[in-house]
Amino acid sequence: MDYKSIYEGKDFGDISYGTALKDYTTWGIGGPADVLVKVENENQLKQLLRFNNKNNIKTTVIGLGSNLLITDKGIRGCVLVLADNYDDIKLNGTELTVLAGTSLNKAAKYSIAHGLTGMEEISGIPGSVGGAVSMNAGAYGKEIKDVCISVKAFDLAGNEYNFTNDQMNFSYRHSKIFDQDLIVSSATFKLQNDDKNEAMAKYEDYTNRRETKQPLDKKSAGSTFKRPEGSYASKLIDECGLRGYRVGDCQVSEKHCGFIINAGEATSADMLAFIEEVAGIVYDKTGFKLEREVKLIGDL
Ligand code: FAD
């Protein structure tokens, strides 16, 4: 398809063609997007979705790419990036309404600076608000569902929806967003008033715990696997003797066995094969089935 002529002159924000998606993921892996669009406001988002829908062009949304394995062949159709181009925070009393591309960390720091508490535990998750809401991301006993009171979303035809927390069907690393192919545009968080210094001390404590335990200086997508019922993926991988295990440029982190590192130029196919190998070894030795938390997208 001649995408350049299809999108010629359209006011959807920044549009590029054949862009390497490895530059949009924390693993540094991923083939090209036919079209990559960075919208800057809700109107552009709505118009783009309507346009793609009318022209039978598939839309795939990504945030900060911190939970993604994009295939080597990349993504056909239109990749919509909602990252720092789609970034805004509004405060109303103790309610924070945040555009989907804003990083969770920025939203958390903003809330603390305004004397609010509630997001410190999840502040170090390196995703966008849209990605975190869709995934119901969580850390240190807190999940998005515990603080998010409403979500504004669009379907792929550009129709708008406003969901309450109850309507989001939040569960472990899952929400309605995936069941119904929706795109999060913004989310509102209900926080509590607190002493600024105490909230900042909590924030620093959680940041410090992450820096001590996680390989934040390496290319990863965080925990590769979901927590299996009755155990922990990192514990099982460690018990199977896989700490530091490496094939090519794919490696189980020495620092945190739940993280798989791209130690160089690993491809998506390398990574997928390595993930399956690790899960296979764990299953054979322990009987626990590890399920991928990381989302695999693109043409295989
Ligand atoms: P992406 O990776 O870009 O996308 C993830 C999925 O969400 C994709 O299916 C995508 O299509 C979808 N998506 C993204 N934006 C939207 C949107 N606006 N609307 C609809 N769907 C959307 N996760 C945790 O839960 N807890 C942790 O403690 C944690 N620690 C991590 C530490 C490190 C070092 C890393 C690299 C990752 C970690 N993660 C953790 C994983 C990841 O940060 C979270 O899953 C995060 O919420 C993903 O957000 P994102 O913007 O990067 O989404």
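In this chain, numbering begins with 1 at the start of the sequence shown. Every number for a ligand or one of its atoms is a count from 1 in the order of the listing.
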Exercise. Does ligand 1 have an atom that lies less than 4.0 angstrom from a heavy atom of E143?
Worked result: no

Exercise. Counting each atom of ligand 1 from 1 as listed, which ones have a heavy atom of G63 under 4.0 Å away?
Worked result: 1 (P), 3 (O), 14 (C), 15 (N), 51 (O)

For this session: Pick whichever of S185, A83, A132 has a heavy atom sitting closest to atom 47 (O) of ligand 1.
Result: A132

Exercise. Quick one: nearest non-hydrogen protein atom to atom 44 (C) of ligand 1, plus distance?
Worked result: I125 CG2, 3.8 Å

Exercise. Hey, which atoms in ligand 1 end up nearer than 4.0 Å to a heavy atom of K295?
Worked result: 9 (O)

For this session: Could you tell me which atoms of ligand 1, counted from 1 in the order shown, lie closer than 4.0 angstrom to a heavy atom of G138?
Result: 24 (C), 25 (O), 26 (N), 27 (C), 28 (O)

Exercise. What are the atoms of ligand 1, with element, lying closer than 4.0 Å to any heavy atom of L216?
Worked result: 34 (C)

Exercise. Are I144 and M168 joined in one hydrophobic group, where the rule is that I, L, V, M, F, W and Y side chains link up if heavy atoms are under 4.5 Å apart?
Worked result: yes

For this session: Would you verify whether the NZ or CZ of K176 falls within 45 degrees of the ring axis of F163 while also being under 6.0 Å from that six-membered ring's centre?
Result: yes

Seminar exercise, completed: Ranked by distance from atom 32 (C) of ligand 1, the top protein heavy atom is P126 CD, 3.6 Å

Exercise. Does even one non-hydrogen atom of I122 get within less than 4.0 Å of ligand 1?
Worked result: no

Exercise. How about D2: does its CG atom have over 12 heavy atoms from other parts shown lying under 6.0 Å from it?
Worked result: yes

Seminar exercise, completed: of all protein heavy atoms, closest to atom 22 (C) of ligand 1 is S134 OG, 3.3 Å

For this session: Heavy-atom contacts with I177 under 4.0 Å: which atoms of ligand 1 show up? List them by number with element.
Result: 20 (C), 21 (N)

Exercise. Can you list the atoms of ligand 1 that are under 4.0 Å from a heavy atom of Q214?
Worked result: 32 (C)

Exercise. Given V184, T26, T25, which has its nearest heavy atom closest to atom 18 (N) of ligand 1?
Worked result: V184

For this session: Apply the side chain to side chain contact (heavy atoms under 4.5 Å, CB included) test between K202 and each candidate in T207, I112, N197, T117; give the one that qualifies.
Result: T117

For this session: Determine, considering heavy atoms only, which of V61, I297, N67, L64 sits nearest to atom 45 (O) of ligand 1.
Result: N67

Problem set entry | Within-shell test, F259 vs ligand 1, heavy atom, strictly < 4.0 Å | yes

Exercise. Got more than 12 heavy atoms from elsewhere within 6.0 Å of CD, Q167?
Worked result: yes

Problem set entry | Closest approach of any protein heavy atom to atom 15 (N) of ligand 1, naming residue and atom | G131 N, 3.4 Å

Exercise. Which heavy atom of the protein is the closest neighbour of atom 42 (C) of ligand 1, given with residue, atom name and distance?
Worked result: S66 OG, 3.2 Å

Problem set entry | Shortest protein contact, atom 36 (C) of ligand 1 (heavy atom only) | G222 N, 3.3 Å

Problem set entry | Cation over ring face, K295 and F178, 6.0 Å, 45° | yes

Exercise. For atom 1 (P) of ligand 1, what is the nearest protein heavy atom, given as residue, atom name and distance?
Worked result: G65 N, 3.6 Å

For this session: Measure L82 to ligand 1 on non-hydrogen atoms and call it side chain, backbone, both or neither using the 4.0 Å cut-off.
Result: side chain

Seminar exercise, completed: If you scan protein heavy atoms around atom 28 (O) of ligand 1, the nearest is R210 NH2, 2.9 Å

Exercise. Do E239 and K285 pass the salt bridge (Lys or Arg N to Asp or Glu O under 4.0 Å) test, and can you show the C-alpha distance, the side-chain angles, and the key distance before you say yes or no?
Worked result: CA-CA 9 Å; E239 283 171 3; K285 291 199 175 172; over 6 Å; no

For this session: Just do the salt bridge (Lys or Arg N to Asp or Glu O under 4.0 Å) check on K226 and E291 with the steps written out, would you?
Result: CA-CA 6 Å; K226 291 185 182 173; E291 196 188 319; 3.2 Å; yes

Exercise. Hey, does F178 sit under 4.0 Å from ligand 1 if you only count heavy atoms?
Worked result: yes

For this session: Give the atoms of ligand 1, by number and element, whose distance to some non-hydrogen atom of G127 is under 4.0 Å.
Result: 43 (O), 46 (C), 49 (O), 50 (P), 51 (O), 52 (O)

Exercise. Do E42 and K152 sit within salt-bridge range, that is, some charged N less than 4.0 Å from a carboxylate O?
Worked result: yes

For this session: Could you tell me which atoms of ligand 1, counted from 1 in the order shown, lie closer than 4.0 angstrom to a heavy atom of A221?
Result: 35 (C), 36 (C), 37 (C)

For this session: Only one of T94, V129, T97 passes side chain to side chain contact (heavy atoms under 4.5 Å, CB included) with F189; say which it is.
Result: V129

Problem set entry | Contact partition for S128 relative to ligand 1, non-hydrogen atoms under 4.0 Å | both

For this session: For the pair D194 and K196, find out whether any cationic side-chain nitrogen is under 4.0 Å from an anionic carboxylate oxygen.
Result: no

Exercise. Is atom OH of Y206 surrounded by more than 12 heavy atoms (other residues, nucleotides or ligands) closer than 6.0 Å?
Worked result: yes

For this session: Would you confirm whether the ring centroid of F51 sits within less than 6.0 angstrom of the ring centroid of F12?
Result: yes

Exercise. Cation over ring, R209 on Y140, under 6.0 Å and within 45°?
Worked result: yes

Exercise. Within a radius of less than 6.0 Å around NZ of K289, do more than 12 heavy atoms belonging to other residues, nucleotides or ligands occur?
Worked result: no

